[in-house]
Amino acid sequence: MYKEYTTISEIADPLLNVEQVADAHYMEIVEIELSDGSRKRGQVLMTSSGKALIQVFEGTEGIGIGQARVKFLGRVMELPVSPDILGRIFNGSGVPIDGGPEIFPDDRLDINGNPMNPVARDYPIDFIQTGVSAIDGLNTLVRGQKLPIFSASGLPHARLAAQIARQAKVLGETETFAVVFGALGITFEEANYFMAELRNTGAIERSVLFINLADDPAVERIITPRMALTAAEYLAFTRDMQVLVILTDMTNYCEALREISAARREVPGRRGYPGYLYTDLASLYERAGRIRGKKGSITQIPILTMPEDDKTHPIPDLTGYITEGQIILSRQLHRKGIYPPVDILPSLSRLRDKGIGKGKTREDHSDVANQLFAAYARGREAVELATILGEASLTDTDRIYMKFAERFEATFIRQGEYENRTIDETLNIGWELLRMLPKEELKRIRDGYLDTYYVQIKEAAAGVQEG
């Protein structure tokens, strides 16, 4: 039996207080009927002494004290799910906005999910090929991993996210691959770009999109990633699919949390963000993973823009603690016209070594990646030394490494937005770059791989030149 009240005592967008309430529950969904007959949805944030604090998803505009009726529905926020959600576009609250038919659900799932039992988790070990060399070769994404992209204002993280969504696949798996895309507080132009990219390439057929625009209510931003992750859990653990979840921009999500926290008059933490920011982010990121006995998996790529390019800002800082590495985009590389501008040296995939090697990518993958990292780092040092002291101060070996760094950025990191490289192509490009260095400099590669890949490739190339 639903309970209705007309006892709204205070309104502070996006919140309202209802008094004389009996048996309201935390996270319970409410329906608010306005005087003109229209309805809005909300959720109970707090109950105390017969009072209920409600956050309204569509904003409090038009709600009048003593005029609106608040109906407590006795259930939590749910997402209707069925295989028909694939290929569909929803708003941030899970309502279809693509002009298609309503979803006739097989089930309705609590958007807050069920905690994944740590004992039931399976270790991420399977390579996901994104087609992007800077990720596949050096900061490898593994099935079930959460690997965020740290970007900044003006950098092409949207283009990179769309490219990954188009190209990503699990090598050697027979299960269907799906992409769930959650857009949080983005502009209409960005949303239209993502939808057009997926439609034009046919990837929309294996995608589910949840779009919360910048002019949509901030409170809706709180439930959008939970909608996306609930859809991902259904596809992965009920339909046995390999699911990649892309969430952008998590900074907008955290700003919405801060706004609501301020409206609730909570004691602020670092830079005004609520003290529970870490816990809240963990409740989203930890919904990635694999479960023993289940064929499906959820892999997450959250994307966030670092305010003022600051890696120590609370949002990237806390995200780095929770997730298994980070891909960092570089403004310096972007200014050089390099796409994607992935800054290799501070980027990291903590699960890389678990997802590469013989039977997964290629036997030489780990050694090549380690040598490329080391050579590029030394090349960057040589560039900085030449900038300070002049190129004349460099040794012959330093000059080789400086040229290596330039070629590495121009051929390995840089690639076309629609260029989908296989892992073999990525590793072969790496070997071509390593041929620039004297063999004795390749201290991180085992002799057997040098004989197979370095010497034979070099001799073959020399034969072609002589011919």
Side-chain angles (χ1 to χ4, degrees), residues 1-36 38-79 91-95 110-113 115 184-185 212 215-227 229-230 252-284 314:
M1 185 71 179
Y2 300 139
K3 298 178 181 179
E4 290 188 355
Y5 300 89
T6 57
T7 51
I8 298 175
S9 61
E10 183 182 2
I11 300 174
D13 197 31
L15 307 176
L16 56 85
N17 266 309
V18 183
E19 297 188 348
Q20 303 173 26
V21 176
D23 297 327
H25 301 286
Y26 176 65
M27 303 296 280
E28 183 177 355
I29 295 300
V30 303
E31 185 177 86
I32 305 156
E33 184 177 346
L34 281 59
S35 56
D36 62 359
S38 61
R39 287 178 169 81
K40 296 188 177 187
R41 292 183 301 169
Q43 188 175 43
V44 176
L45 289 182
M46 186 169 58
T47 61
S48 176
S49 303
K51 297 180 180 180
L53 180 66
I54 297 169
Q55 64 177 7
V56 185
F57 298 136
E58 296 87 356
T60 56
E61 184 179 355
I63 299 177
I65 293 178
Q67 299 175 349
R69 304 177 68 85
V70 182
K71 181 188 293 185
F72 289 74
L73 303 182
R75 55 181 173 82
V76 297
M77 191 75 173
E78 296 173 331
L79 176 70
N91 68 10
S93 297
V95 178
D110 179 357
I111 67 166
N112 298 294
L184 316 173
N212 170 267
D215 58 352
D216 288 333
V219 69
E220 184 183 83
R221 224 153 286 156
I222 304 300
I223 64 173
T224 302
R226 292 172 170 81
M227 288 280 180
L229 288 165
T230 301
N252 294 333
Y253 171 84
C254 295
E255 292 295 337
L257 271 184
R258 181 164 66 173
E259 180 180 326
I260 293 170
S261 176
R264 294 173 64 177
R265 301 184 181 90
E266 295 174 336
V267 178
R270 292 169 59 191
R271 301 203 189 184
Y273 292 96
Y276 51 81
L277 179 62
Y278 178 92
T279 306
D280 192 280
L281 288 174
S283 71
L284 299 178

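None of these values were measured; they are calculated from a predicted model.
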[X] [atom1] to [Y] [atom2] distance, which is reported to the nearest 0.5 Å:
{"X": "N17", "Y": "E10", "atom1": "CG", "atom2": "CD", "answer": "5.0 Å"}
{"X": "L45", "Y": "L53", "atom1": "CG", "atom2": "CG", "answer": "5.0 Å"}
{"X": "R39", "Y": "I32", "atom1": "CZ", "atom2": "CD1", "answer": "11.5 Å"}
{"X": "E4", "Y": "E33", "atom1": "CD", "atom2": "CD", "answer": "7.0 Å"}
{"X": "Q67", "Y": "D36", "atom1": "CD", "atom2": "CG", "answer": "10.0 Å"}
{"X": "I11", "Y": "I65", "atom1": "CD1", "atom2": "CD1", "answer": "4.5 Å"}

Can you check whether [X] reaches [Y] side chain to side chain, under 4.5 Å on heavy atoms?
{"X": "I63", "Y": "L34", "answer": "yes"}
{"X": "E220", "Y": "P14", "answer": "no"}
{"X": "T60", "Y": "L15", "answer": "no"}
{"X": "T47", "Y": "V21", "answer": "no"}
{"X": "V44", "Y": "H25", "answer": "no"}
{"X": "I29", "Y": "F57", "answer": "yes"}
{"X": "Q55", "Y": "R264", "answer": "no"}
{"X": "F72", "Y": "I54", "answer": "yes"}

Neighbour count above 12 (heavy atom, 6.0 Å) for [X] [atom1]:
{"X": "Q20", "atom1": "CD", "answer": "no"}
{"X": "K71", "atom1": "NZ", "answer": "yes"}
{"X": "Y26", "atom1": "OH", "answer": "no"}

Just by distance, do the side chain of [X] and the backbone of [Y] share a donor-acceptor pair under 3.5 Å?
{"X": "E28", "Y": "G74", "answer": "yes"}
{"X": "N252", "Y": "L184", "answer": "yes"}
{"X": "R221", "Y": "D216", "answer": "yes"}
{"X": "K40", "Y": "E61", "answer": "yes"}
{"X": "Y5", "Y": "A22", "answer": "yes"}

How far apart are the closest heavy atoms of [X] and [Y], and which atoms are they?
{"X": "P314", "Y": "L277", "answer": "CB-CD2, 4.4 Å"}
{"X": "T7", "Y": "V18", "answer": "OG1-CG1, 3.4 Å"}
{"X": "C254", "Y": "L281", "answer": "SG-CD2, 3.9 Å"}
{"X": "I223", "Y": "S93", "answer": "CD1-OG, 3.8 Å"}
{"X": "N212", "Y": "T224", "answer": "CB-OG1, 3.6 Å"}
{"X": "P274", "Y": "S261", "answer": "CB-OG, 3.6 Å"}

Output yes when R258 and D280 qualify as a salt bridge under the 4.0 Å nitrogen-oxygen rule, no when they do not.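 No, no charged N to carboxylate O under 4.0 Å.
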
Sequence neighbours excluded, which residues qualify as salt bridge (Lys or Arg N to Asp or Glu O under 4.0 Å) partners of D23? K3

CA sep, side-chain torsions, deciding dist, call: I222, L257, side-chain contact (heavy atoms from CB on, under 4.5 Å): CA-CA 7 Å; I222 304 300; L257 271 184; 3.7 Å; yes

